[in-house]
**Q** 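Sending over a structure as structure tokens; questions will come in a sec.
Throughout, residue positions are numbered sequentially from 1 according to the sequence presented. All values below were derived from every heavy atom in this structure, side-chain atoms included, with hydrogens, water molecules and symmetry-related copies excluded.
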Amino acid sequence: MDVKKIAIIGANGYIARNLICLLQKEQPEIELELYDLAERHVDGAEHYHCVNMLEEELERKIDFSCDLIYMFAGKTGSVNGFDQYEVFLDTNERALLNVLNAYRKSHSEAKLIFPSTRLVYKGKEGALQEDAEKEFKTIYAINKFACEQYLKQYQNVFGVKYCTFRICLPYGTLIPNATSYGTAEFMLSKAMKGENISLYGDGSVRRTLTYMGDLCEILIQGAFNDACVNDVYNIGGEDYSLREMAELIARKYRIGVDYVDYPEVAQKIESGSTVFDDTKLKSRIPVTYHMSFSEWCSERG
């Protein structure tokens, strides 16, 4: 696929920022058009536009004549989705639907890349393929699955090209002096302060860990490759339990790991183990995971 121009919606999001960083480094000839709610791009990137994805006539405010559209706009969360359901519905589902309708009004032929989540799966022991059983314990989880279905519907009815990538647990950053988000960084930040790491239960639930650099490389390769289209793909990495993650960090910083009881609500929304089988993705594009979690930990601090 010949890519000359890319639109990135939700350009101030953390994965989006890292993707922009990698594209600017590895593909500087590609024109990037960036969109988000804030007045400026957090990293000072050029060609940035302040746009609300819920605005009318979005086709006049976003350049749909591009080759790729990354749709990073959205709101993440767990329990807070129950209290802020209107925000979650607007920012996740209505925003995507508005973009899709603007896409078809502009007669765009761009391929739309959508990041989804591990939280659409019903957790279980063993690896999860894309067609594994689904379960939705939070507003955010069902938002993401609804968006996956909207993309499928718009492809079927209007011919919109898309590619959905399900992401489990990303960690790390390509942006100098920037702090990542999520489980790994939470553990590391506690350790660097000399504080014990706290885990709910016995820490036996497992996750697929993907380094941010590897994740962004896959998001680029999958987007640029015509073999990845109109389908859903798991992005893989390494299989760790939360206990193994915590103990690896704790050994380095000579701290402890505390196991505490689940709060009632947290236990009710815990998804269980989510380990990804990425065989399907590997059958479409060459996939290499360069960074290991142990290597990343050893480079911190």
**Q** Could you give the distance from CD1 (I30) to CD1 (I6), rounded to the nearest 0.5 Å?
**A** 4.5 Å
**Q** Just how far is it from atom CD of E247 to atom CD1 of I255, taken to the nearest 0.5 Å?
**A**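 The CD atom of E247 sits 11.0 Å away from the CD1 atom of I255.
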**Q** About how many Å separate OH of Y259 and OG of S204, when rounded to the nearest 0.5 Å?
**A**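 Reported to 0.5 Å precision, the distance equals 10.0 Å.
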**Q** For side chain to side chain donor-acceptor pair (under 3.5 Å), just list the numbers for T164 and E148, CA-CA rounded to whole Å, side-chain angles, deciding distance to a tenth of an Å, and then say yes or no.
**A** CA-CA 7 Å; T164 295; E148 291 186 13; 5.7 Å; no
**Q** So if you build clusters from Ile, Leu, Val, Met, Phe, Trp, Tyr with side-chain heavy-atom gaps below 4.5 Å, do F165 and I285 land together?
**A** yes
**Q** Are C168 and T274 packed together at the side-chain level, in the sense that at least one heavy-atom pair is separated by less than 4.5 angstrom?
**A** yes
**Q** Counting only N and O atoms by type, is there a donor-acceptor contact under 3.5 Å from the side chain of K124 to the main-chain atoms of K122?
**A**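 Not a single qualifying donor-acceptor pair exists.
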**Q** On a heavy-atom basis, which atom in S273 and which in V205 lie closest, and how many Å separate them?
**A**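 Smallest interatomic distance, heavy atoms only, reads OG-CA, 3.4 Å.
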**Q** Considering all heavy atoms of both residues, which atom of D226 and which atom of M1 are nearest to each other, and what is their separation?
**A**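 So the minimum-distance heavy-atom pair works out to OD1-CB, 3.5 Å.
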**Q** Going by atom types alone, do E238 and Y289 pair a side-chain donor with an acceptor below 3.5 Å?
**A**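 There is no such pair (donor and acceptor under 3.5 Å, judged by atom type) between the side chains of E238 and Y289.
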**Q** R166 side chain to E130 main-chain N or O, any donor-acceptor pair under 3.5 Å?
**A** yes
**Q** Above 12 or not: heavy atoms from other molecules or residues under 6.0 Å from NZ of K268?
**A**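 Open.
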**Q** Do L242 and V260 land in one hydrophobic cluster if side-chain heavy atoms of ILVMFWY residues count as linked below 4.5 Å?
**A**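 Each belongs to a different hydrophobic cluster.
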**Q** Backbone N or O of I69 within a donor-acceptor pair of the K111 side chain at under 3.5 Å?
**A** no
**Q** In this structure, are over 12 heavy atoms from other groups packed under 6.0 Å from E109 atom CD?
**A** no
**Q** Without swapping roles, check the side chain of Y35 against the backbone of D63 for a donor-acceptor pair under 3.5 Å.
**A**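 Present.
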**Q** Using side-chain contact (heavy atoms from CB on, under 4.5 Å), reason through R17 and I175 one step at a time and then give a plain yes or no.
**A** CA-CA 8 Å; R17 291 171 61 196; I175 304 167; 3.4 Å; yes
**Q** Do V257 and N196 come close enough that some side-chain heavy atom pair is under 4.5 Å?
**A** no
**Q** According to the interplanar angle, ranging from 0 to 90°, do the rings of F293 and Y240 count as parallel (below 30°), tilted (30 to 60°) or perpendicular (above 60°)?
**A** perpendicular
**Q** List for me each residue that meets salt bridge (charged side-chain N to carboxylate O under 4.0 Å, His left out) alongside E244, sequence neighbours excluded, and say none if there are none.
**A** R206
**Q** Is it true that atom CD of E46 has more than 12 heavy atoms of other residues, nucleotides or ligands lying nearer than 6.0 Å?
**A**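 Not more than 12 within 6.0 Å, no.
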**Q** Can a donor-acceptor pair be found, under 3.5 Å and without considering hydrogens, that links the side chain of Q129 to the backbone of D131?
**A**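 It does not hold such a pair.
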**Q** How far does CZ of F136 sit from CG of N143, to the nearest 0.5 angstrom?
**A**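 The CZ atom of F136 sits 11.0 Å away from the CG atom of N143.
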**Q** Tell me whether D231 is salt-bridged to K280, with the criterion being a basic N under 4.0 Å from an acidic carboxylate O.
**A** yes
**Q** Quick check: does any side chain N or O of H41 sit under 3.5 Å from a backbone N or O of A11, one acting as donor and the other as acceptor?
**A** yes
**Q** Taking atom OH of Y162 and atom CD of Q155, what is their separation to the nearest 0.5 Å?
**A** 6.5 Å
**Q** Looking only at side-chain N and O atoms, does Y48 offer a donor or acceptor that is under 3.5 Å from a partner on D43?
**A**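 Per modelled atom types, D43 and Y48 side chains form no pair under 3.5 Å.
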**Q** Would you check if the side chain of T288 reaches a backbone N or O of H290 as a donor-acceptor pair within less than 3.5 Å?
**A** no
**Q** Give the intermediate values and the outcome of side-chain contact (heavy atoms from CB on, under 4.5 Å) for residues M245 and I197.
**A** CA-CA 10 Å; M245 291 174 64; I197 298 170; over 6 Å; no
**Q** Which heavy atom of F186 sits nearest a heavy atom of S189, and at what distance?
**A**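 So the minimum-distance heavy-atom pair works out to O-OG, 2.9 Å.
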**Q** Kindly say whether S65 contributes a backbone atom to a donor-acceptor pair with the side chain of S108 at under 3.5 angstrom?
**A**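 Checked: no pair found.
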**Q** Does the side chain of N234 come within less than 4.5 Å of T208's, by heavy atoms?
**A** no
**Q** Decide yes or no for E185 and Y171: does some side-chain heavy atom of the first lie under 4.5 Å from some side-chain heavy atom of the second?
**A** no
**Q** List in chain and number order the residues that pass salt bridge (charged side-chain N to carboxylate O under 4.0 Å, His left out) with D258, two or more places apart in sequence or in another chain; answer none if no residue qualifies.
**A**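 None.
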**Q** Under 4.5 Å between side-chain heavy atoms, counting indirect links through other Ile/Leu/Val/Met/Phe/Trp/Tyr residues: same cluster for L96 and L54 or not?
**A**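 No.
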**Q** Testing the 3.5 Å rule here: is there a donor-acceptor pair between the side chains of S271 and R118?
**A**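 Per modelled atom types, S271 and R118 side chains form a pair under 3.5 Å.
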**Q** Check the hydrophobic clustering (I, L, V, M, F, W, Y; side-chain heavy atoms under 4.5 Å; chains of links allowed) and say if V51 and V42 are grouped together.
**A** no
**Q** I'd like to check L199 versus M187 (side-chain heavy atoms, cut-off strictly below 4.5 Å). Are they in contact?
**A**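 Yes - at least one pair of side-chain heavy atoms lies under 4.5 Å apart.
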**Q** With a cut-off of 3.5 Å and sequence neighbours excluded, list every side-chain donor-acceptor pair involving residues 70-89.
**A**
from : atom 1 : to   : atom 2 : distance (Å)
Y70  : OH     : L219 : O      : 2.9
N80  : OD1    : S78  : N      : 2.9

**Q** Distance from I9 atom CD1 to I62 atom CD1, nearest 0.5 Å?
**A**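 Nearest 0.5 Å value for the CD1-CD1 distance: 4.0 Å.
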**Q** Got a list of side-chain donor-acceptor pairs under 3.5 Å for residues 18-29, not counting sequence neighbours?
**A**
from : atom 1 : to   : atom 2 : distance (Å)
N18  : OD1    : T173 : OG1    : 3.4
N18  : OD1    : L174 : N      : 2.6
N18  : ND2    : Y14  : O      : 2.9

**Q** Per the ring-ring contact (aromatic ring centres under 6.0 Å, His included) rule, what does the pair list look like for residues 100-121, sequence neighbours excluded?
**A**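 Non-adjacent pairs meeting ring-ring contact (aromatic ring centres under 6.0 Å, His included): Y121-F276.
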**Q** List the steps, then state whether side-chain contact (heavy atoms from CB on, under 4.5 Å) holds for Y253 with M192.
**A** CA-CA 7 Å; Y253 289 91; M192 293 177 72; 3.7 Å; yes
**Q** What verdict does the side-chain contact (heavy atoms from CB on, under 4.5 Å) test give for L112 and L100, after you've listed the backbone C-alpha separation in whole Å, the side-chain angles of each residue and the deciding distance to 0.1 Å?
**A** CA-CA 9 Å; L112 195 152; L100 286 169; 4.1 Å; yes
**Q** Which heavy atom of E59 sits nearest to which heavy atom of S106, and what is that distance?
**A** CB-CB, 4.2 Å
**Q** List the residues meeting salt bridge (charged side-chain N to carboxylate O under 4.0 Å, His left out) with E195, not counting sequence neighbours, and say none if there are none.
**A** K190
**Q** Can a salt bridge be assigned to the pair K4 and E31 using a cut-off of 4.0 Å between side-chain N and carboxylate O?
**A** no
**Q** Minimum heavy-atom separation for G272 and R207, please, with both atom names.
**A** O-NH1, 2.8 Å
**Q** Quick one: do E270 and Y200 satisfy side chain to side chain donor-acceptor pair (under 3.5 Å)? Show the steps, please.
**A** CA-CA 10 Å; E270 168 57 48; Y200 292 149; over 6 Å; no
**Q** Hey, any chance L68 and I15 share a hydrophobic cluster, counting ILVMFWY side chains that come within less than 4.5 Å of each other, even indirectly?
**A** yes
**Q** Step through the shown structure and confirm whether more than 12 heavy atoms of other residues, nucleotides or ligands are within 6.0 Å of CD on E264.
**A** no
**Q** State whether K5 and D67 are salt-bridged, where the test is any N-O pair (Lys NZ or Arg NE/NH1/NH2 against Asp/Glu carboxylate O) under 4.0 Å.
**A**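 Between D67 and K5 there is no salt bridge, as every charged N stays at least 4.0 Å from the carboxylate O atoms.
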**Q** Between R243 (side chain) and D202 (backbone), is there a donor-acceptor pair under 3.5 Å?
**A**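 Checked: pair present.
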**Q** Restricting to non-hydrogen atoms, name the atom on L281 and the atom on C228 that form the minimum distance, rounded to 0.1 Å.
**A**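 Nearest heavy atoms, L281 then C228: CD1-SG, 4.2 Å.
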**Q** Within the side chain of D214, is there an N or O that forms a donor-acceptor pair under 3.5 Å with the backbone of M291?
**A** yes
